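Some notes on the structure that comes next.
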Amino acid sequence: MAALVTLPGLGVGTLWDNSETAYGEVAREILLTHNWVIMHLNNVPYFVQPPLYFWLGAVFSLLIGHPTALALRLPSALATIALSAFTGYAVARQAGTRVGAYAAVILSTCLMQAVIGRLAIMDALLDLAVAMTIFWWFRGLETGRDRYVVYGWIAAGGGFLAKGLVAPAIALLVIVPFYFWNRRYERTFAPSARAWIVGLLAFVAIVAPWPIALVSHDHFFPLEKLIGEYTIGRYTSVVENQSGPIWYYLPVIILGFFPWIAFVPMAIVYSVRQLRTGVAQDRHFARLVRLGLVWIVMPLLFFSFARTKLPNYVALEFPALAMITALYFEAVARKGGTRSAVVSAATVPVTIGALAFAIWLFTRNNRLTGEVALVVPPLIAMAFAIFAGSLLTALLVARAKSVWAAPYALALAATVGVVVLAVTVLPHAEAFKPVPRLAAVIERERQSGDVVAIQNVSGGNALLFYTRPIVRVLAPPGGSDPQNDGMDPRAVICTATRAWVVAPAIRPAEDPTYGRDRHRVAVDRKAALFLYDGPPCR
């Protein structure tokens, strides 16, 4: 199911700016510089993120032949598929095959997983590593076997190489409260000293070689940037204007866990009620509920109080949401359906119907551009697919004999919707990406010694990825502070034999050429490609 959601149309179109092109370029520059230790962006050492995603992106680029959208998105897609499979297996070991299958398809088909699995970013690798770490440690606390603790530390090491200290930190933030909570009700095995020692040694063996190589080359500056500024600094301060209120992640979860969010409130209420009343005789059920509730609450609190916020941060708790929802569906199936489940299932088609009506009303009352008008029919088809599937889900929940099939119906509808979006809608988005097309002109016409620059147009990372390093970022004409706004245009244009500049097609009144010839080579939407050549600057 995760493969059906993730793989169709994965390589369609160009990379999205800003993160995809930046991370894709770092992976590409591994191949350009032949340096697998120090990452580079625009030919400058890059210490913002650990190297695991970039290594995998470079490896897949070598296997495919060159860095394409497919090669750079495959690490995320495969990690997302593995996350669903691992979550389903771990839940099935505790609660049975059907609950595990429910958890896998629910996680596979929620919106956030579909998005993260299709982007050239490292979050899918982080989510997989955190889930593996938590589930292995959970298994170790349950059985008392040291090897599961060691497996967890190995997974945590992979998470560190994916996105830093946040991987072991979040896993510990979940598993430690779970241990103290669970041991109040049943025997819970604390890890032995041997397990801690061997596990930490395995973690260090995985994590240490790369930082040691960095320190041997650039002393401690890379680690100060990576851990100090871009790990601890993201939590204690706002990085790149990515801030938000304390309730920032609540709407993210509501939208990101769509369409399954309709069942989450009743799933949580049911789980808490079972624990409080002591009705849950199945110790495996109670154990999973405790793990799921802690896994939902602790990362949410952790990221809510962080100063820097991004929607994808909270995705690492979605396996817990899928697990709690799967346990609820299992209880509903055993009871032959409940009124609350019918009501929850009915909210999905109502929501989709309202969304389809809003799209129809908007298109009727607004004159759309040709590109936007092309995507309206596929969007309506996607909404209809999810609407039909969610309506079928409500009908299946309402009948005792068919309630067990309800999650599969909704999962299939969500899969169809995502595939329709990926195959028919996203290709039309290429019309709104002028920079890759202008970059193709530069690559076709550029000569040795030419300089490439971008000025006052978004998409600098895309220009870099689709040309070759180095790309200069120029301050806008008349910029008051060239040092902060970008490089001095005169210094770049005048020192180059020829300079290719991507800039707004409509030029400001004061737009000096410094005595050089300026040719408008191509125009694409609101961006234009200019070539400066001819006599030297006056």
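One-based numbering along the sequence shown. Note that the coordinates shown come from a computational prediction; the quantities given were computed from them, not determined experimentally.
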(request) For F318 and I116, run side chain to side chain contact (heavy atoms under 4.5 Å, CB included): C-alpha distance rounded to whole Å, both residues' side-chain angles, the deciding distance at 0.1 Å, then the answer. (result) CA-CA 12 Å; F318 278 30; I116 289 179; over 6 Å; no

(message) If you define the side chain from C-beta out and look only at heavy atoms, does anything of L7 sit under 4.5 Å from I81?
(response) yes

(request) Might you point out which heavy atoms bring T87 and A103 nearest each other, and give the distance in Å? (result) CG2-CB, 4.5 Å

(message) Using side chain to side chain contact (heavy atoms under 4.5 Å, CB included), reason through L214 and F47 one step at a time and then give a plain yes or no.
(response) CA-CA 10 Å; L214 284 183; F47 304 122; 4.1 Å; yes

(request) Grab the two heavy atoms, one from Q242 and one from L310, that are nearest each other, plus how far apart they are. (result) OE1-CD1, 3.7 Å

(request) Would you mind reporting whether M323 and L288 have side-chain heavy atoms less than 4.5 Å apart? (result) yes

(message) I'd like to check Y313 versus P299 (side-chain heavy atoms, cut-off strictly below 4.5 Å). Are they in contact?
(response) no

(request) Measure the acute angle between the ring planes of F263 and Y328, then classify it against the limits of 30° and 60° as parallel, tilted or perpendicular. (result) tilted

(request) Side-chain contact test, heavy atoms from C-beta onward, threshold under 4.5 Å: evaluate it for L15 versus R73 and give yes or no. (result) yes

(message) Is any side-chain heavy atom of L426 closer than 4.5 Å to one of W16?
(response) yes

(request) Determine whether the aromatic ring centres of Y148 and F138 lie less than 6.0 Å apart. (result) no

(request) Quick one: closest heavy-atom pair of Q113 and D127, and the distance? (result) OE1-OD2, 4.4 Å

(message) So which atom in A58 and which in W36 form the shortest heavy-atom distance, rounded to 0.1 Å?
(response) CB-CH2, 3.7 Å

(message) Could you tell me if E430 and T14 have a donor-acceptor pair between their side chains, going purely by distance under 3.5 Å?
(response) yes

(message) Distance check, rounded to the nearest 0.5 Å: S76 atom OG versus D123 atom CG?
(response) 8.0 Å

(request) Indicate the atoms forming the closest heavy-atom contact of S271 with I324, along with that distance. (result) OG-CG2, 3.8 Å

(message) Tell me the closest heavy-atom pair linking A120 and E20, and the distance in Å.
(response) N-OE2, 2.8 Å

(request) Give a yes or no on whether the ring-centroid distance for Y235 and F303 is below 6.0 angstrom. (result) no

(request) Dump the intermediate steps for side chain to side chain contact (heavy atoms under 4.5 Å, CB included) on R287 and F178, then the final yes or no. (result) CA-CA 9 Å; R287 195 179 299 148; F178 166 77; 3.8 Å; yes

(request) Check whether any side-chain heavy atom of L321 sits under 4.5 Å from a side-chain heavy atom of I253, and report yes or no. (result) yes

(request) Could you go through the side chain to side chain contact (heavy atoms under 4.5 Å, CB included) check for Y23 and L72 one step at a time? (result) CA-CA 9 Å; Y23 297 153; L72 296 169; over 6 Å; no

(message) With a 4.5 Å cut-off on side-chain heavy atoms, are V418 and L421 touching?
(response) no

(message) Does W210 have more than 12 heavy atoms from other residues, nucleotides or ligands lying within 6.0 Å of its CH2?
(response) yes

(request) State, yes or no, whether a side-chain contact exists between L4 and V419 at a heavy-atom distance under 4.5 Å. (result) no

(message) For F135 and F86, take the angle between the two ring planes, folded into 0 to 90°, and tell me which bin it lands in: parallel under 30, tilted 30 to 60, perpendicular over 60.
(response) tilted

(message) Students often mix this up, so state it plainly: with edges at 30° and 60°, are the rings of W136 and Y151 parallel, tilted or perpendicular?
(response) perpendicular

